[in-house]
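For reference, the structure discussed in these notes is given below.
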Amino acid sequence: MADPKGFLNHGREVAESRPAEERKRDWNEVYVPGSLLPIISKQAGRCMDCGIPFCHNGCPLGNLIPEWNDYAYRGDWAAASERLHATNNFPEFTGRLCPAPCESACVLGINQPPVTIKNVEVSIIDKAWESGDVAPRIPERLSGKTVAVIGSGPAGLAAAQQLTRAGHTVAVYERADRVGGLLRYGIPEFKMEKRHINRRIEQMRAEGTRFRTGVEIGRDLKATDLRKRYDAVVIAAGSTTARDLPVPGRELKGVHQAMEYLPLANKVQEGDYVVAPISAEGKHVVVIGGGDTGADCVGTAHRQGAASVTQLEIMARPNDERHPVDQPWPTFPILYKVTSAHEEGGERIYSASTTHFEGDEDGNVQWLHLAEVEFVDGRPAPKPGSERRIPAQLVTLAMGFTGTDRENGLVDQFGLELDERGNIARDPDFQTNVPGVFVAGDAGRGQSLIVWAIAEGRSAARGVDRHLMGAGDLPAPIRPTDRSLTV
């Protein structure tokens with residue numbers, strides 16, 4: 001145990017954010033650079049090194065949290081990095097983007113604010129990069145087997161890195177022009193600067209992983225032809241079919257899916273555009289959807305100079321604190337969350353449903369009509385007399401995703417079976433009904449968290465390795481049927 005009295009002597013401190021008005025003027029990460037290291041030793045020392053560390057259960061990767069907390073407390077950054085990488089290929093991604101279900105399961109969280117596990121994690125990996133402790137792990141020998149990975153999001157990258165390190169020759173196919181999937185084009189720069197992706201890709205290239213960008217399997221290259229070229233295939237194409245909003249006026253100009261809007265803002269940061277083709281500048285913006293993607297749209301609109309930003313959520317406002325009966329420890333609670341984007345301004349409206357959009361004579365959206373909702377038999381229903389309209393010259397739909405892409409032909413060309421949710425079905429080894437074809441991440445699980453995507457990629461890699469070699473010792477932190485611990 002790092003500090004036996006750490007949780008008694010020190011309260012919870014988190015990363016310091018830059019002032020909202022300052023950070024809205026740029027696209028850099030919102031936190032004050034270097035603000036964590038002066039406090040992180042004491043924060044890591046709050047870890048109680050529990051006899052049964054429930055944080056392991058909260059994290060699907062099975063991160064060895066008490067171990068690297070102890071090393072961080074003692075300032076042994078190299079050992080902390082080794083323990084961190086033992087279970088997580090990309091802690092700089094999870095340390096910035098994961099909502100930290102490990103903290104919800106922290107035993108200290110029963111009656112105190114939990115350990116700042118996420119902040120300790122990102123401190124360790126940032127220090128490791130700074131100190132040169134992150135180096136390519138080149139396999140000692142090659143197996144002679146080849147694997148294609150479709151998709152370069154966190155699941156695809158994790159599977160590719162694991163399989164490359166096992167000695168297989170791996171090629172990653174990405175339909176976008178750059179590697180990273182939604183990490184690259186769905187996550188705004190202010191949440192994670194893309195230099196973190198770039199240096200991981202360079203590490204993977206040095207290890208032997210090959211990348212093919214601008215190639216969409218199903219359209220540019222038939223799935224059947226890809227299967228003939230490789231000994232195994234991992235589908236990590238994500239859950240990219242966005243949920244739509246079929247109300248009158250949906251066809252008006254200015255109403256876009258979030259994943260039409262966010263990638264263009266990121267492409268500006270990559271230097272592809274001077275100004276995003278879809279911009280919030282000077283417009284009244286409405287974001288439909290109260291989740292993380294909606295918050296990303298809010299923060300992006302602020303930085304583009306929106307006249308106003310309003311976020312709508314059909315559900316009621318969540319509680320500020322965990323309810324001891326409805327959402328008991330160590331489950332992952334649904335709480336009222338104020339992200340960095342919400343700190344920067346805008347209005348949030350709960351229990352609201354969009355009834356229709358209203359446009360001008362040129363077909364541009366101008367107003368959004370909404371009504372308060374009440375739930376009848378578990379279904380939302382508009383409350384009579386509560387209808388009103390708000391200005392809306394740009395609307396983004398951030399209501400989640402319903403399954404993997406069916407339009408590009410990948411599913412049908414492979415002949416894949418789907419489960420009842422529309423995801424690609426798989427067996428306990430993550431293999432589909434087609435021998436040698438595996439699936440990892442949101443394409444098989446459905447829309448989920450980055451930490452689950454990495455766990456899926458690692459687990460699917462073990463299935464591929466065993467399929468190719470007859471045996472293997474790659475780790476598999478989860479099963480395809482595992483789910484988050486919720487009520």
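Only a predicted model underlies this, so the values are computations on that prediction, with no experimental measurement involved.
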Salt bridge or not for [X] and [Y], using N-O below 4.0 Å?
| X | Y | result |
| --- | --- | --- |
| Arg178 | Glu270 | yes |
| Arg229 | Asp225 | no |
| Asp292 | Lys337 | yes |
| Arg23 | Glu344 | yes |
| Glu174 | Arg212 | no |
| Asp473 | Arg466 | no |
| Glu456 | Arg445 | yes |
| Lys267 | Asp177 | yes |
| Arg200 | Glu92 | yes |

Side chain of [X], backbone of [Y]: donor and acceptor closer than 3.5 Å?
| X | Y | answer |
| --- | --- | --- |
| Gln269 | Asn266 | no |
| Asn408 | Gly218 | no |
| Gln311 | Gly346 | no |
| Ser239 | Gly403 | yes |
| Ser448 | Asp442 | no |

Derivation and outcome, side-chain contact (heavy atoms from CB on, under 4.5 Å), residues Gln161 and Phe90: CA-CA 10 Å; Gln161 186 168 64; Phe90 314 117; 3.7 Å; yes

Nearest-0.5 Å distance, CG of residue Asp244 to CE of residue Met399: 6.0 Å

Sole residue of Ile65, Thr94, Ile125 in side chain to side chain contact (heavy atoms under 4.5 Å, CB included) with Leu84: Ile125

Passing candidate, side chain to side chain contact (heavy atoms under 4.5 Å, CB included) with Ile40, options Asn69, Val120, Ile124: Val120

Between [Y] and [X], is there a side-chain donor-acceptor contact under 3.5 Å, judged purely by atom types and distance?
| X | Y | result |
| --- | --- | --- |
| His168 | Thr164 | no |
| Ser484 | Trp452 | yes |
| Arg96 | Tyr31 | no |
| Glu343 | His302 | no |

Taking every non-hydrogen atom, the tightest pair across Ala258 and Thr293: CB-CG2, 3.7 Å

Side chains of [X] and [Y]: closer than 4.5 Å at any heavy-atom pair?
| X | Y | value |
| --- | --- | --- |
| Cys55 | Ile117 | yes |
| Pro475 | Arg462 | no |
| Val439 | Val234 | no |
| Lys191 | Leu97 | yes |

Check: Phe438 ring centroid to His467 ring centroid under 6.0 Å: yes

Intermediate values then yes/no, side-chain contact (heavy atoms from CB on, under 4.5 Å), Arg406 and Thr241: CA-CA 8 Å; Arg406 295 292 305 275; Thr241 302; 5.8 Å; no

Contacts of type ring pair (Phe, Tyr, Trp, His ring centres under 6.0 Å), residue Trp329, not counting sequence neighbours: Phe54

Listed partners of Tyr261 passing ring pair (Phe, Tyr, Trp, His ring centres under 6.0 Å), at least two apart: none

Criterion side-chain contact (heavy atoms from CB on, under 4.5 Å) on Met192 and Arg184, from CA distance to verdict: CA-CA 9 Å; Met192 186 180 74; Arg184 173 75 63 181; over 6 Å; no

Cationic tip of Arg303 above Phe190 ring, under 6.0 Å, 45° of axis: yes

Row check, Tyr336 ring normal vs Arg317 NZ/CZ: under 6.0 Å, within 45°: yes

From CA spacing to verdict: side-chain contact (heavy atoms from CB on, under 4.5 Å), Glu121, Asn63: CA-CA 10 Å; Glu121 178 181 19; Asn63 280 335; 4.2 Å; yes

